[in-house]
Amino acid sequence: MISFSVLLSIYNRESPISLCQSLDSIFVQTVSPNEVVLVEDGPLSSELNDIISEYSAKYPILKIIPLPTNQGLGKALNEGLKHCSYDIVARMDTDDIAVYNRFQHQYDYMMAHPAVAVCGGWMQEFNDEGTYSRRKQMPQSNEEIRRYGKYRNPVNHMTVMFRRQAVLTAGNYRHMPLLEDYDLWSRMLVRGMEFYNLPEVLVHMRNNNSVYERRGGKDYFRQYASFRREQKK
């Protein structure tokens, strides 16, 4: 039997429309998850609360984990993973759209390759007008990912499906703003865990100016420099 969880985190600034599109893309997959764990990272707007209530009534597999204050993505995912009931976990962002057969392709691959701890794929950017732009392809094999990961993030976070126990063994997500995933992958790679990226688009990533604005400036540079020191150590 197919058994897996989906893990998401949402905070107050998310668009209600984007949330609906993201959740819809999960619930129309060719294979359905057994549960969808949605972490509410702090108080949400009334519009977001209404949407979550509507989807919870429609889809009983939607499990809500409320946090009293906004703690950031790393801490939110750390807590959410503890509430996932299955060892296979798919990550999604609440403003992106999964390709309709994404879960099927990843789950089949991980079942056929039990040594693989993390399975990602490509993503295709689009904007709110529906125009598609950059396609972000990633290194495919474990050897390529290990080489690439020394210099750049080797996995598109919003595309991954991973083994829960492997992530917990590596120390789970940590508070590392904008680098939560790269930090986790580095700790898993150091432990010799196996990665693979499917050579296909799995997720359509919503791209707006804020995505790249957040990854710039002195604060981001300091955070990135701190991460590099930790990664090298």
Side-chain angles (χ1 to χ4, degrees), residues 4-29 33-86 89-98 123 126-128 156-160 162 164 167-168 171-184 203-220 222-224 226-227:
F4 68 99
S5 306
V6 178
L7 176 61
L8 308 94
S9 175
I10 188 167
Y11 75 124
N12 188 51
R13 293 179 59 187
E14 187 59 85
S15 159
I17 294 175
S18 299
L19 175 60
C20 288
Q21 292 175 339
S22 178
L23 291 175
D24 286 342
S25 75
I26 292 173
F27 291 118
V28 299
Q29 288 284 308
N34 300 80
E35 66 178 3
V36 178
V37 177
L38 176 62
V39 181
E40 296 179 351
D41 190 11
L44 303 178
S45 67
S46 58
E47 292 85 356
L48 290 173
N49 282 323
D50 289 344
I51 290 170
I52 292 171
S53 295
E54 176 186 342
Y55 276 81
S56 295
K58 187 176 181 181
Y59 300 103
I61 65 171
L62 184 58
K63 181 191 296 186
I64 309 303
I65 310 299
L67 302 181
T69 59
N70 179 263
Q71 300 183 31
L73 182 61
K75 291 183 178 180
L77 295 179
N78 180 293
E79 181 63 26
L81 190 61
K82 298 173 186 176
H83 294 269
C84 291
S85 306
Y86 301 91
V89 178
R91 268 283 292 126
M92 269 286 291
D93 284 339
T94 51
D95 57 351
D96 296 334
I97 299 173
M123 65 88 176
F126 74 102
N127 59 27
D128 290 331
N156 291 320
H157 190 198
M158 73 291 293
T159 71
V160 299
F162 55 68
R164 178 178 181 272
V167 171
L168 293 177
N172 205 341
Y173 284 95
R174 301 192 299 190
H175 183 63
M176 189 77 67
L178 302 177
L179 296 163
E180 300 89 353
D181 57 325
Y182 197 2
D183 171 59
L184 176 59
V203 171
H204 296 154
M205 173 190 164
R206 193 178 305 273
N207 178 11
N208 51 52
N209 292 333
S210 65
V211 171
Y212 295 107
E213 287 172 359
R214 292 196 301 269
R215 296 182 181 273
K218 294 181 180 179
D219 289 341
Y220 178 70
R222 284 193 291 268
Q223 179 70 32
Y224 192 80
S226 175
F227 163 72

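A pairwise comparison of heavy atoms in Y86 and F4 identifies CB-CA, 3.9 Å as the closest pair. Of all heavy-atom pairs between Q223 and M176, the closest is NE2-SD, 3.0 Å. Residue Q29 comes nearest to A98 through the heavy atom pair NE2-CB, 3.6 Å, listed as atom of the first residue, atom of the second, then distance. Closest approach of D96 to M205, counting heavy atoms only: OD1-CA, 3.3 Å. Scanning both residues, P43 and T69, for their nearest heavy atoms gives CD-CA, 4.4 Å.
Distance CG/N78 to CD/Q71: 9.5 Å, rounded to 0.5 Å. Note: N156 CG to M123 CE = 5.0 Å, rounded to the nearest 0.5 Å. Note that CD of E180 is 9.5 Å distant from OG of S9, once rounded to the nearest 0.5 Å. Put simply, CG on L179 and CZ on F227 are 6.0 Å apart, with the number rounded to the nearest 0.5 Å. The CD atom of E40 sits 11.0 Å away from the OG1 atom of T94 when rounded to the nearest 0.5 Å. The distance from the CG atom of N172 to the NZ atom of K82 is 6.5 Å, given to the nearest 0.5 Å.
A donor-acceptor pair shorter than 3.5 Å can be found between the side chains of D41 and N70.
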Quiz prompt | Verdict with reasoning, N12 to S45, per side chain to side chain contact (heavy atoms under 4.5 Å, CB included) | solution = CA-CA 6 Å; N12 188 51; S45 67; 3.6 Å; yes

Quiz item: Could you go step by step and tell me if N34 and S85 meet the side chain to side chain contact (heavy atoms under 4.5 Å, CB included) rule?
Solution: CA-CA 9 Å; N34 300 80; S85 306; over 6 Å; no

Quiz item: Going through the checks in order, is the side chain to side chain contact (heavy atoms under 4.5 Å, CB included) test met by Y59 and V36?
Solution: CA-CA 9 Å; Y59 300 103; V36 178; over 6 Å; no

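Side-chain contact check for I52 versus L19: some heavy-atom pair is nearer than 4.5 Å. You'll find the side chain of V37 reaches within 4.5 Å of the side chain of L7, heavy atoms only. Within the 4.5 Å cutoff, no side-chain heavy atoms of L67 are placed close to those of K75. Residues I26 and M92 meet the side-chain proximity criterion, which asks for heavy atoms closer than 4.5 Å. Taking 4.5 Å as the limit, some side-chain heavy atom of I10 sits within range of a side-chain heavy atom of L44. At least one side-chain heavy atom of L38 sits under 4.5 Å from a side-chain heavy atom of L62. Counting heavy atoms from C-beta outward, L48 and P16 have side chains that approach closer than 4.5 Å. Contact of the K63 side chain with the S5 side chain is not registered, since no non-hydrogen atoms from C-beta on lie closer than 4.5 Å.
More than 12 heavy atoms of other residues, nucleotides or ligands sit less than 6.0 Å from atom CG of L168.
Listed by chain and number, the residues in a ring-ring contact (aromatic ring centres under 6.0 Å, His included) with Y173 are H157 (sequence neighbours excluded).
By the 4.0 Å N-to-carboxylate-O rule, D95 lies too far from R206 to be salt-bridged with it.
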